[in-house]
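Both counts, for ligands and for their atoms, begin at 1 and track the order of listing. Reckoned from all heavy atoms, side chains included, excluding hydrogens, waters and symmetry mates.
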Amino acid sequence: MKNLKYFVIFMVSSATFILAWSGHEAYTYLVVRSLPIDVDKLIPITHYTYQESRLYNEKYYYTEDFAGTRKFFDDLGDGVFPPDPEPVDGKIPIWQILTIYAQFPDFGMDEGLNLSPLQTLIGNSQGVRHMRYKLGPIEAFEGDRSFAYFLNMSREAFKKWDEYWGYRFLSYAVHYLEDLFQPYHNLPGTLWEVLNGLFDKKVMKVLNNAHYTYDNYLLFLIYYSRHAEDFREIIRRTEPRFICKDPGKLIYEVVMYGYYKFSEVHREVKSAFSGILETRVPSMDDFRRLENEGKLDKLLKITLDIVQTMTAVLKGFLITEISKLVQAS
Ligand SMILES: [Zn+2]
């Protein structure tokens, strides 16, 4: 029982360092722009008028509109893509709302909260809201509930004929859905590594760095890889897949998929970046060098499979949700 307690402490501790896929905004832009839906439709920006049942770090729970500021764009991006024009006559298109706010939940709103007794051990909560661990018999964290919560908020907004907040909350939900396709959001390491990590900080450091590395790999593929244009095109061309209408079942399938993909991703991340993970997270230059040496070929193949599945599911989800929301409004 004591071991179980340490086990949980470890998982929670590791979560404090952990954010998400990098470049949610760029990835989401590519997905949203290729939907068979009129995403150019202009939506008037409205004020926030919602009572929410979830706690946030209010300081970072911004409710003004940020179109044209690139505020929630990843620092590792190129500062140019995706576009972020200023509003015209107080309106912005659907694609822009979904793009800007896809990265928003990583900018502090879930940090520094007191969500559960485990929280007192670490004093941080971002990982709790963005992940869903399943390690042996232990299940922890609420990434799946974060998705369901914002999907519900989006539906509430559309019921009030508030399209701006309908799409903005939907974008927050998309963030959590994407997070749960990142296998390190479903497991921190193998059972053996996690147990070792309780006594050996070096093991824990490798696991944290491996997680960050894979977060950044998506961004590398979108911006800096020599395959970047092909990669973007694959995202654009991936056909939607409609797996189930029930969002609870959908997110469960996503969690199980990420969980199932963990071993091959983890094995390959450790092999491709060995010698680096022990001390740091690889830079974009490291990624480029390893790609040129052919050391990322296997990881690319595994990742293409995950990204195509994520893209197909996300497109299916957005098409289903937006057509339903628009009909209801
Ligand atoms: Zn996240």
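- Applying the side chain to side chain donor-acceptor pair (under 3.5 Å) test to Asp297 and every residue at least two apart in sequence or in another chain returns nothing.
- In terms of the side chain to side chain donor-acceptor pair (under 3.5 Å) criterion, Asp246 has no residue partners (sequence neighbours excluded).
- With hydrogens and angles left out, the side-chain atoms of Ser34 and Lys315 include a donor and acceptor closer than 3.5 Å.
- Taking backbone and side chain together, His24 holds no N, O or S atom under 2.8 Å from the Zn ion (ligand 1).
- Coordination check, His185 versus the Zn ion (ligand 1): failed, since every N/O/S atom of the residue sits at 2.8 Å or beyond.
- The backbone N or O of Arg226 lies less than 3.5 Å from a partner atom in the side chain of Glu291, making a donor-acceptor pair.
- Rounded to 10°, the angle formed at the Zn ion (ligand 1) by ND1 of His130 and OD2 of Asp179 is 90°.
- Rounded to the nearest 10 degrees, the angle OD1 (Asp106) to the Zn ion (ligand 1) to NE2 (His175) equals 90°.
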